[in-house]
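As structure tokens, the structure follows; a few thoughts come after it.
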Amino acid sequence: MSRAKVFVTRQLPQDILDRLAQHCEIDVWDDFLPPPPDVIQQKIGDLDGILCLLTDQIDSTVIDNAPKLRVISNMAVGYDNIDVTYATEKGIPVGNTPGVLTETSADFAFALLMSVARRIPEAQQYVRDDQWKTWHPTVLSGQDIYGATLGVVGFGRIGQAVARRARGFNMNILVNTRSDNDIIDELGAERVELDELLQRSDYVSLHVPLTDATHHLISHNELKLMKSTAILINTARGGVVDSQALYDALTTNEILAAGLDVTDPEPISIDDPLLTLNNCVVVPHIASASVATRRKMAEMAVDNIIAGLMGGTLPTCVNPRVYK
Ligand code: DGY
């Protein structure tokens with residue numbers, strides 16, 4: 001009997017690939033950049049499984065061309081790059097990598113919040129530009145974090161982990177979420193509607209998945225509700241924020257500053273006007289990028305592929321309905 005075939009869309013640690021290769025024939029995309037869509041399209045017809053990243057679009061056309069596909073495993077907790085509804089219709093389980101990246105991503109969201117608030121990237125540039133001539137009472141003054149109000153939009157694992165960090169800074173925590181959550185009370189946080197959260201927060205940190213409902217959740221009207229001293233932090237997905245509205249808000253002092261780990265599109269164009277603003281810090285989608293966490297994500301993605309090939313339930317499946 002021929003061995004199952006799996007396409008892995010980027011190099012992963014060799015020992016992890018070796019473990020996968022014990023179960024199937026693997027084809028690993030070796031480039032730094034993702035495989036172009038036509039490469040995925042061309043390979044998919046022959047595949048039993050695909051281990052992909054958030055940069056790979058697995059849409060209905062790809063799925064329609066995949067008569068043998070038994071498992072899609074995304075090396076990310078988010079899965080808006082995959083048409084999960086269609087995969088479910090076709091009975092294909094989709095795996096993701098929740099949990100292992102929670103604390104790393106929350107560390108980063110908080111680091112971004114602090115570096116925007118205290119203007120660390122600007123300060124580094126100031127030193128490199130040889131502008132540091134003296135200690136001055138007002139130069140590079142930022143915003144306080146300790147005791148300020150943090151609004152957390154979306155209260156899944158990462159949102160909660162950010163709120164826990166905020167407790168250590170004696171912050172008042174406002175939460176906007178649709179789900180019931182005991183942790184809100186445990187953290188002494190207050191659950192409020194989105195408009196109220198935007199009006200009252202000094203910092204707004206976004207932690208919702210990208211769906212039709214959250215696309216441009218933060219646009220002109222929402223930014224207008226925020227304080228002129230407020231800072232917006234997005235480590236969720238770029239599409240949650242309307243970039244043009246954000247640019248307008250940052251250039252008309254509607255809000256003070258923003259920190260973006262994610263943009264729309266990704267990568268952001270080097271000509272994007274957001275990159276011209278001192279009050280907008282943009283980094284390249286690295287919230288989960290610690291060596292240990294990226295390794296755990298790769299391990300989990302491989303576990304999902306192996307389970308799918310063996311006909312078992314994926315350890316972390318986003319569409320368990322396929323098993324009903
Ligand atoms: C995810 O996993 O969805 C993050 O955006 C990248 O780690």
Side-chain angles (χ1 to χ4, degrees), residues 8-13 16 29 32-35 50-59 71-85 87 93-113 152-162 165 177 204-218 232-241 243 258-268 281-305 314-319:
V8 182
T9 66
R10 219 65 56 81
Q11 267 297 344
L12 300 177
I16 297 178
W29 184 253
F32 182 73
L33 294 177
I50 183 164
L51 193 161
C52 52
L53 308 190
L54 53 83
T55 45
D56 306 311
Q57 292 304 316
I58 310 295
D59 56 20
V71 53
I72 302 170
S73 174
N74 211 34
M75 190 184 136
V77 64
Y79 45 86
D80 46 281
N81 56 312
I82 300 171
D83 189 337
V84 175
T85 311
V94 178
N96 69 339
T97 61
V100 289
L101 49 72
T102 301
E103 303 301 337
T104 304
S105 302
D107 282 351
F108 189 86
F110 222 83
L112 187 56
L113 181 155
V152 182
V153 180
F155 209 53
R157 294 183 188 83
I158 300 174
Q160 291 172 30
V162 168
R165 281 154 180 77
T177 178
V204 173
S205 192
L206 304 176
H207 299 285
V208 289
L210 178 61
T211 63
D212 289 345
T214 62
H215 182 255
H216 287 190
L217 180 71
I218 304 297
L232 177 70
I233 301 298
N234 189 8
T235 54
R237 284 292 184 266
V240 175
V241 175
S243 318
L260 309 177
D261 179 44
V262 288
T263 59
D264 183 22
E266 285 186 12
I268 193 169
V281 174
V282 182
V283 290
H285 203 149
I286 53 169
S288 68
S290 78
V291 177
T293 289
R294 286 286 165 86
R295 197 183 151 81
K296 286 182 203 154
M297 291 165 70
E299 293 272 17
M300 265 178 115
V302 161
D303 289 345
N304 278 328
I305 286 278
L314 308 198
T316 46
C317 184
V318 304
N319 58 347

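Positions are given from 1 along the sequence. Whatever order the structure lists ligands and atoms in, that order sets their numbers, starting from 1.
- Residues passing the side-chain hydrogen bond (donor to acceptor under 3.5 Å, both in side chains) test with R165, sequence neighbours excluded: E103, D107.
- For atom 2 (O) of ligand 1, the closest heavy atom belonging to the protein is V77 N, 2.7 Å.
- Of all the atoms in ligand 1, the ones that sit under 4.0 Å from a non-hydrogen atom of H285 are 4 (C), 5 (O), 6 (C).
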*Take L54 and H285 through the test side-chain contact (heavy atoms from CB on, under 4.5 Å) and record every step on the way to the result.*
CA-CA 11 Å; L54 53 83; H285 203 149; 3.8 Å; yes

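- Considering only heavy atoms from C-beta on, T97 stays 4.5 Å or farther from N74 through its side chain.
- Every atom of ligand 1 with a heavy atom of L54 under 4.0 Å away is listed here by number and element: 5 (O), 6 (C).
- Atom numbering of ligand 1 starts at 1 in the shown order; those under 4.0 Å from a heavy atom of L101 are 2 (O), 7 (O).
- Between R294 and ligand 1, a contact under 3.5 Å exists for no N or O pair.
- By the 3.5 Å distance cut-off applied to N or O atoms, G78 is counted among the residues near ligand 1.
- For the atom pair OG1 of T235 and CG of D261, the computed distance is 6.5 Å after rounding to the nearest 0.5 Å.
- For ligand 1, the polar-atom distance check against R237 finds a nitrogen or oxygen pair separated by under 3.5 Å.
- Within ligand 1, counting atoms from 1 as listed, the ones closer than 4.0 Å to a heavy atom of S288 are 6 (C), 7 (O).
- Between C52 and I72 the shortest side-chain heavy-atom distance falls below 4.5 Å.
- For the pair V262 and R237, the tightest heavy-atom approach, listed with the atom from each and the gap, is CG2-C, 3.5 Å.
- Residues satisfying the side-chain hydrogen bond (donor to acceptor under 3.5 Å, both in side chains) criterion with S205, sequence neighbours excluded, are H207.
- The shortest N/O to N/O separation between M75 and ligand 1 does not fall below 3.5 Å.
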